[in-house]
Amino acid sequence: MGKSREIKKRMKAVGNIKRITRTMQMIATAKYSASQQRAVAGKPYTETLFDLVREIAASGGSVEHPLLASDEGESRKGKTLTLVLTSERGLCGPYNGSILRTTLKYFRETEGAREGDIDLVGKKGLGVLKFNEIPIARFHTQFGDTPNYEEVQRLAQDYIDRFSAGEISVVRVIYMRYISAGKQIPEVMQLLPLPRPEGGESEQASGADYEFSPAGPELIAELLPAAIKARLFQAFNDAIVSEHIARMVAMKAATDNAGKMGKSLQRQFNRARQSQITTELTEIISGAAALE
């Protein structure tokens, strides 16, 4: 009797867990749908603006700007700044683990990155970075599940001002890049200085005949800050939609596992109940036989 009661309690607990994980899966699905629309809607603008800046820089010949990487690849004075985007909450499968493994590998392989400034978004990265004795310069809590462009713009402008003043030499963002619902990859993106086109791209772009109005330097001065802010905002949107996908998949797996466990416990309960009934019947028959 005690064993069947214990199994019954476990069945009830597993049923409660299944209802919770199913609810969390539905919430993550709804949030994924909204964040995916934002990420996909902003990507064409960001990519077009970035490609336009690179084309102007490649075809303009002598076009130079402090925010644009130099052709000679000269090293600037200042510290390296790294922005790491993790999630505020857990239960999102391997999402944070993938980002943090990429982050630790980056700090091991990149000279000066660990000693530079490290900005963190999301509570789930705090413990890992502290455990590995990586100092955090700033911890941002203002973005949440729906990053506001104005907040991201202020952060990007702060990076631009510090970069222009020579306080930092390079800004890199470590985040989960959203490619599709079935594929997201952790990526280290260089935000500042904006990389120039590769050799092949530069030669291809320089073969075209461009006329700039206004002139190339003026266009670059206007477009570069906008492109940098748009790229950072797109990184935030990619990170959010990737987090919701990971949580949706994790909660679906948890719901399926709870269902399987519930069926297994039901079989165990049926066997225990059957054994109990058989024992009771045997005792009744034996008692009746003893009275005869």
Side-chain angles (χ1 to χ4, degrees), residues 1-43 84-103 120-128 140-148 151 174-187 233-276:
M1 189 68 178
K3 185 178 179 181
S4 59
R5 283 181 179 175
E6 182 182 344
I7 295 173
K8 197 77 170 178
K9 288 179 181 178
R10 290 187 63 193
M11 288 171 59
K12 185 177 180 181
V14 169
N16 291 336
I17 292 172
K18 183 178 179 180
R19 284 191 289 272
I20 292 170
T21 54
R22 184 186 288 118
T23 302
M24 293 181 69
Q25 177 190 346
M26 294 170 64
I27 293 171
T29 303
K31 287 185 175 181
Y32 157 70
S33 179
S35 59
Q36 192 255 0
Q37 290 177 7
R38 287 193 298 270
V40 171
K43 189 165 287 190
V84 183
L85 304 183
T86 62
S87 69
E88 287 288 329
R89 297 184 300 276
L91 299 177
C92 49
Y95 174 79
N96 289 299
S98 298
I99 293 173
L100 292 168
R101 279 193 298 271
T102 302
T103 300
L120 177 66
V121 175
K123 296 178 182 177
K124 289 302 171 181
L126 275 174
V128 175
H140 301 280
T141 59
Q142 69 270 31
F143 297 106
D145 280 345
T146 54
N148 187 281
E151 293 285 351
I174 303 177
Y175 72 107
M176 188 70 76
R177 182 184 173 194
Y178 170 73
I179 298 174
S180 67
K183 186 177 181 181
Q184 305 88 42
I185 55 173
E187 183 173 283
F233 185 59
Q234 187 63 45
F236 271 87
N237 283 333
D238 278 10
I240 292 296
V241 69
S242 299
E243 176 190 344
H244 291 319
I245 290 173
R247 184 170 290 111
M248 183 175 64
V249 172
M251 291 301 100
K252 184 181 185 307
T255 302
D256 293 344
N257 288 337
K260 291 177 183 177
M261 183 174 286
K263 290 179 180 178
S264 175
L265 288 172
Q266 183 65 56
R267 286 194 295 269
Q268 292 180 31
F269 176 79
N270 292 341
R271 291 193 189 103
R273 182 63 178 157
Q274 184 178 7
S275 176
Q276 180 185 344

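Numbers here simply count residues along the sequence, with the first being 1.
- Although no hydrogens or angles enter the test, the distance criterion places a donor-acceptor pair under 3.5 Å between the side chain of N96 and the main chain of S87.
- A salt bridge links K252 with D256: at least one charged nitrogen is closer than 4.0 Å to a carboxylate oxygen.
- Across every non-hydrogen atom of L85 and A239, the tightest pair is CD1-CB, 4.2 Å.
- Evaluation of the side chain to side chain donor-acceptor pair (under 3.5 Å) rule for R271 yields no partner, not counting sequence neighbours.
- The backbone N or O of I17 sits less than 3.5 Å from a side-chain atom of T21, completing a donor-acceptor pair.
- Counting heavy atoms from C-beta outward, R177 and P186 have side chains that stay 4.5 Å or more apart.
- Residues Y32 and A181 share a closest heavy-atom pair of OH-CB, 3.4 Å.
- In summary, E243 and R247 engage in a salt bridge, as defined by a charged side-chain N under 4.0 Å from a carboxylate O.
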Apply side-chain contact (heavy atoms from CB on, under 4.5 Å) to N16 and K18, showing your working.
CA-CA 5 Å; N16 291 336; K18 183 178 179 180; over 6 Å; no

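- Nearest approach of V241 to A39, heavy atoms of both residues: CG1-CB, 4.2 Å.
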Can you check salt bridge (charged side-chain N to carboxylate O under 4.0 Å, His left out) on R38 and D238, steps first, answer last?
CA-CA 9 Å; R38 287 193 298 270; D238 278 10; over 6 Å; no

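- Between Y95 atom OH and H244 atom NE2 the span is 9.5 Å, to the nearest 0.5 Å.
- Using a distance-only test at 3.5 Å, with no hydrogens or angles considered, a donor-acceptor pair links the side chain of Q184 to the main chain of S180.
- Of the charged side-chain nitrogens involved, at least one lies within less than 4.0 Å of a carboxylate oxygen, so that D145 and R89 count as a salt-bridged pair.
- Residue K43 qualifies as enclosed at atom NZ: its count of foreign heavy atoms under 6.0 Å is above 12.
- The nearest pair of heavy atoms linking S98 to M176 is CB-CE, 3.8 Å.
- Note that CD of E6 and CD of Q268 are 10.0 Å apart. Values are rounded to the nearest 0.5 Å.
- In this structure, a donor-acceptor pair under 3.5 Å is present between the side chains of Q266 and N270.
- Smallest separation of non-hydrogen atoms from F233 and P147: CE1-O, 3.5 Å.
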Go through it in stages, so that I can follow the logic: the residues are Y178 and V40, the test is side-chain contact (heavy atoms from CB on, under 4.5 Å), and I'd like the CA-CA distance, side-chain angles, deciding distance and then a yes or no.
CA-CA 9 Å; Y178 170 73; V40 171; 4.2 Å; yes

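- Atom CE of M11 is surrounded by more than 12 heavy atoms from other residues, nucleotides or ligands within 6.0 Å.
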